[in-house]
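As structure tokens, the structure follows; a few thoughts come after it.
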Amino acid sequence: MTGVAVLGTGIMGAPMAGNLLAAGLPVRVWNRTREKAEPLEAAGAVIAGTPAEAVHGADVVITMLSDAGAVHDAMSAAAPGLRAGQVWAQMSTVGVAGVARLAELAAAHGLTFVDAPVQGTKQPAEQGTLVVLAAGPPAARETLEPVFGALGQRTLWLADDGASGAGSRLKMATVSFGISLTAVVAESLALARGLGVDPELVRQVIVGGPMDSAYFQVKSRAILDGSFEPSFTVRNAEKDTGLIVEAGESAGVRLDVVAAARERFRRADAQGHGDEDMSATYFASFD
């Protein structure tokens, strides 16, 4: 059995760990706030008090934390429990620059580094239908097969070197689409309201037509129902838009739409919606 350590049991990490347990894999979990990890104990997870305790003896270490700094801190703290040859699947969204820093840390500890961010939010994580965007050596793929198989509907292997950041570069492009689309949906409904039009009529025009999508239906329904339970938070969306803009600048690509979306997320956060679903960017349209 492939033993797995999961560092980070938040909105994404907790259901991912649950799916690994459901697949019969031995799992140890650690989270900075222990209470968020404790529900997994009933499913068979071992709750570790420190990152070093979590990774000790694991075949695969998964990091699913908020940003590159948090990942670096956790893996640095895990150092006493690491051993050369362990596979580190870095599945957080850390941006292009963040991958290089983490790959250097992996090399310093003799770890096999796999850049493997996921496409998907809370519901796909719960359903085990994430898409894993992976880059790493072929020798690690057999070890990771049961792990990624439990977490996602498919894995795209993009390169043989995790330090290349191929997974994170693709993630920047795909998450840019989702985040920007959320802002567009929110703005269209807000504009209807501002013009004195029932926003539900916007849905009636779009649903079933060429502009319709499952994503539009989910996000527009959440906004109209005032249901902002987080699948992906406003604060995380603001963080990711920063990474996307940074990646674009490094490549000489102007990203006007996502830069504007970033400002909306900043305003929504300042209004007190940071921990709500990113569809709460709707409120950024109003003072």
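- The backbone N or O of Ser66 lies less than 3.5 Å from a partner atom in the side chain of Lys239, making a donor-acceptor pair.
- Heavy-atom minimum distance, Lys219 versus Ser279: CD-CB, 4.1 Å.
- Here the shortest heavy-atom pairing between His109 and Ala79 reads CE1-CB, 3.5 Å.
- The local environment of CZ in Arg267 is crowded, with over 12 non-hydrogen atoms from other residues, nucleotides or ligands closer than 6.0 Å.
- Without hydrogens or angle criteria, Thr233 side chain to Pro230 main chain gives no donor-acceptor distance under 3.5 Å.
- Grouping the Ile, Leu, Val, Met, Phe, Trp and Tyr side chains by contacts below 4.5 angstrom, directly or via other members, places Val245 with Leu243.
- Nearest heavy atoms, Val29 versus Ile47: CG2-CD1, 3.4 Å.
- With sequence neighbours excluded, no residue satisfies ring pair (Phe, Tyr, Trp, His ring centres under 6.0 Å) with His72.
- The CE atom of Met278 lies 8.5 Å from the CG atom of Leu181; values are rounded to the nearest 0.5 Å.
- Closest non-hydrogen pair, Asp269 versus Val234, comes out as N-CG1, 3.9 Å.
- Using a distance-only test at 3.5 Å, with no hydrogens or angles considered, no donor-acceptor pair links the side chain of Arg28 to the main chain of Ala58.
- In the hydrophobic cluster analysis, where Ile, Leu, Val, Met, Phe, Trp and Tyr join through side-chain heavy atoms closer than 4.5 angstrom, Ile62 is grouped apart from Trp30.
- Each ring-ring contact (aromatic ring centres under 6.0 Å, His included) pair with one or both residues in residues 188-226, not counting sequence neighbours, would appear here, but there are none.
- In this view, Arg101 satisfies the side-chain hydrogen bond (donor to acceptor under 3.5 Å, both in side chains) rule with no residue, not counting sequence neighbours.
- With sequence neighbours excluded, the residues that form a ring pair (Phe, Tyr, Trp, His ring centres under 6.0 Å) with Phe283 are Phe228, His273.
- Members clustered with Val205: none, using a 4.5 Å side-chain heavy-atom cutoff among hydrophobic residues.
- Side chain of Asn31 to backbone of Thr9: a donor-acceptor contact under 3.5 angstrom is found.
- For Thr241, there are no side-chain hydrogen bond (donor to acceptor under 3.5 Å, both in side chains) partners at least two apart in sequence or on another chain.
- Taking Asp160 as the reference, Arg141 meet the side-chain hydrogen bond (donor to acceptor under 3.5 Å, both in side chains) condition, with sequence neighbours excluded.
- Linking Ile, Leu, Val, Met, Phe, Trp and Tyr whenever their side-chain heavy atoms come within less than 4.5 Å puts Leu65 and Val94 in one cluster.
- Grouping the Ile, Leu, Val, Met, Phe, Trp and Tyr side chains by contacts below 4.5 angstrom, directly or via other members, places Trp88 apart from Leu133.
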Run the side-chain donor-acceptor check on residues 10-18: report pairs under 3.5 Å with partners two or more places apart or on a different chain.
none

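- Think of Val46 as one node in a network of Ile, Leu, Val, Met, Phe, Trp and Tyr side chains linked at under 4.5 Å; it has no links at all.
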Donor-acceptor pairs under 3.5 angstrom involving side-chain atoms of residues 113-125: please list them, not counting sequence neighbours.
unit_1: Asp115; atom_1: OD1; unit_2: Ser168; atom_2: OG; d: 2.8
unit_1: Asp115; atom_1: OD2; unit_2: Gly167; atom_2: N; d: 3.1
unit_1: Asp115; atom_1: OD2; unit_2: Ser168; atom_2: N; d: 2.9
unit_1: Asp115; atom_1: OD2; unit_2: Ser168; atom_2: OG; d: 3.4
unit_1: Gln119; atom_1: OE1; unit_2: Thr174; atom_2: OG1; d: 2.6
unit_1: Thr121; atom_1: OG1; unit_2: Ser231; atom_2: OG; d: 2.8
unit_1: Lys122; atom_1: NZ; unit_2: Glu229; atom_2: OE2; d: 3.0

Can you list, pair by pair, the side-chain donor-acceptor contacts under 3.5 Å of residues 184-197, counting residues two or more places apart and other chains?
unit_1: Glu187; atom_1: OE2; unit_2: Arg264; atom_2: NH1; d: 3.1
unit_1: Ser188; atom_1: OG; unit_2: Val185; atom_2: O; d: 2.8
unit_1: Arg193; atom_1: NH1; unit_2: Tyr282; atom_2: OH; d: 3.4

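- Residues that satisfy the side-chain hydrogen bond (donor to acceptor under 3.5 Å, both in side chains) test with Gln127, not counting sequence neighbours, are absent from this structure.
- Formation of a donor-acceptor pair under 3.5 Å by the Gln86 side chain with backbone atoms of Val55 is found in this model.
- Formation of a donor-acceptor pair under 3.5 Å by the Gln271 side chain with backbone atoms of Phe286 is found in this model.
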